[in-house]
Amino acid sequence: MMDHEKIKQGVRLMLEGIGEDVEREGLLETPERIARMCEQIYGGLYEDPATHLNKQFQAVNNNIVLEKDITFYSVCEHHLLPFYGKAHVAYIPDGRVAGLSKLARTVEVFARRPQIQENMTAQIADALEKYLKPKGVMVMLEAEHMCMTMRGVQKPGSKTVTTIVRGVFAEDYSLQQTFLQMVHC
């Protein structure tokens, strides 16, 4: 589990490093607040997606199941700045489906850890493949990265889009087009 004392020490050192007075009234409780915040925003490090995806139901429908516009917030592992956006997760069942909330919870498991968007996209797809064993999976993430907007190139509003296709989605371009139409309708 997380080491709150190390987090608090690290926050104090960072504040001192930028020239702040860690004894200033507004900063006195900041290290403790950051340690508590880490439990929430990095809690996915201690979660297994199986917890959510192992709850399944029999289904005879083998058409696309899409959960779109799943809001997520993550933290870039390179700059420790947020990136946030929408996830669109689809699969074609092979006799079993997960509850719709389980797809959103799976996105959260991977969003709530230091991350890069490219890996997060693949991790979501990998988890769906492993636990649902569907005929195919397609995942798209659209996100704005604060490391692009508030530092460096400073281009607010720019979005990064990542996709991954597996199984029948990779084999059938028309399924990819159907996914994209469903996402954008």
Side-chain angles (χ1 to χ4, degrees), residues 1-3 6-7 10 14 34 37-56 64-93 98-171 173 175-176 179-180 182-184:
M1 295 306 281
M2 291 190 193
D3 186 332
K6 280 188 179 178
I7 295 168
M14 186 191 77
I34 298 295
M37 177 191 72
C38 286
E39 290 284 340
Q40 183 176 4
I41 66 173
Y42 300 123
L45 288 166
Y46 306 99
E47 273 190 86
D48 183 350
T51 304
H52 308 296
L53 293 173
N54 279 335
K55 179 70 172 170
Q56 299 176 19
I64 296 173
V65 175
L66 168 68
E67 186 69 22
K68 69 179 193 172
D69 296 330
I70 302 167
T71 301
F72 70 87
Y73 300 90
S74 192
V75 175
C76 165
E77 66 186 27
H78 298 143
H79 301 99
L80 294 183
L81 287 171
F83 68 94
Y84 57 93
K86 304 280 184 186
H88 315 290
V89 179
Y91 68 100
I92 297 178
L100 294 178
S101 70
K102 306 309 182 196
L103 299 178
R105 291 183 191 282
T106 300
V107 169
E108 282 300 302
V109 165
F110 296 109
R112 292 179 42 211
R113 48 181 76 178
Q115 187 63 273
I116 64 171
Q117 182 175 332
E118 297 87 342
N119 287 346
M120 184 175 153
T121 308
Q123 290 165 349
I124 294 166
D126 291 346
L128 266 64
E129 276 193 311
K130 181 176 181 178
Y131 298 108
L132 296 182
K133 299 182 182 8
K135 294 179 179 179
V137 172
M138 188 162 177
V139 177
M140 175 192 287
L141 301 183
E142 302 174 272
E144 184 167 347
H145 292 247
M146 296 308 290
C147 58
M148 287 272 298
T149 63
M150 68 183 286
R151 60 154 301 281
V153 72
Q154 297 180 343
K155 296 297 178 202
S158 62
K159 295 247 168 85
T160 301
V161 178
T162 52
T163 61
I164 195 155
V165 292
R166 304 273 176 79
V168 294
F169 279 103
E171 300 160 10
Y173 184 71
L175 285 174
Q176 294 176 36
F179 169 90
L180 293 171
M182 291 170 73
V183 164
H184 293 109

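Counting heavy atoms from C-beta outward, I92 and L175 have side chains that approach closer than 4.5 Å.
Summarising the local packing, CD of Q154 is surrounded by more than 12 heavy atoms from other residues, nucleotides or ligands at distances under 6.0 Å. With a 6.0 Å radius and a threshold of 12 heavy atoms from other residues, nucleotides or ligands, Y73 has its OH atom at or below the threshold. In this structure, M2 places its CE atom where more than 12 heavy-atom neighbours from other residues, nucleotides or ligands lie under 6.0 Å away.
In this structure, OG1 in T160 is found 9.0 Å from CZ in F83, a value given to the nearest 0.5 Å. Considering OG1 of T121 and CD of E142, their distance stands at 10.5 Å, rounded to 0.5 Å. Atom OH of Y91 is separated from atom CG of L66 by 11.0 Å, given to the nearest 0.5 angstrom. Rounding to the nearest 0.5 Å places CD1 of I164 at 6.5 Å from CG of D126. With values rounded to the nearest 0.5 angstrom, L45 atom CG is found 11.0 Å from F110 atom CZ. Distance check: L180 CG to M138 CE gives 4.5 Å after rounding to the nearest 0.5 Å.
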**Q.** Worked verdict on T71 versus V107 for side chain to side chain contact (heavy atoms under 4.5 Å, CB included)
**A.** CA-CA 9 Å; T71 301; V107 169; over 6 Å; no
Q. Would I124 and L128 count as a side chain to side chain contact (heavy atoms under 4.5 Å, CB included) if you check the C-alpha gap in whole Å, the side-chain angles of each, and the deciding distance to 0.1 Å?
A. CA-CA 6 Å; I124 294 166; L128 266 64; 4.2 Å; yes
Q: Just do the side chain to side chain contact (heavy atoms under 4.5 Å, CB included) check on L100 and V65 with the steps written out, would you?
A: CA-CA 9 Å; L100 294 178; V65 175; 4.1 Å; yes
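Counting all heavy atoms, side chain and backbone alike, K102 lies closest to T106 at O-OG1, 2.7 Å. Of all non-hydrogen atoms in M1 and Y46, the two that sit nearest each other are C-OH, 3.6 Å. I64 and A90 get closest at one heavy-atom pair: CG2-CB, 4.0 Å. Taking each heavy atom of Y42 and L80 in turn, the nearest pair found is OH-CD2, 4.0 Å. Closest approach of C147 to L81, counting heavy atoms only: CA-CD1, 3.8 Å.
Judged purely by atom type and a 3.5 angstrom limit, Q176 uses its side chain to pair as donor or acceptor with the backbone of F169. A donor-acceptor pair is defined here as one N or O able to donate and one able to accept, closer than 3.5 Å; such a pair exists between the side chain of K68 and the backbone of M182. At least one donor-acceptor pair closer than 3.5 Å links the side chain of E144 to the backbone N or O of G157. Although no hydrogens or angles enter the test, the distance criterion places a donor-acceptor pair under 3.5 Å between the side chain of S74 and the main chain of A111.
A donor and an acceptor atom, one from each side chain of T149 and K155, are nowhere located under 3.5 Å apart. Between the side chains of Q117 and H145, a donor-acceptor pair is found at a separation under 3.5 Å.
Residues passing the salt bridge (charged side-chain N to carboxylate O under 4.0 Å, His left out) test with E47, sequence neighbours excluded: R112. Listed by chain and number, the residues in a side chain to side chain contact (heavy atoms under 4.5 Å, CB included) with Q56 are R96, L132 (sequence neighbours excluded).
In this pair, H88 and F179 present their aromatic rings perpendicular. The plane angle is above 60°, beyond the 30 to 60° band.
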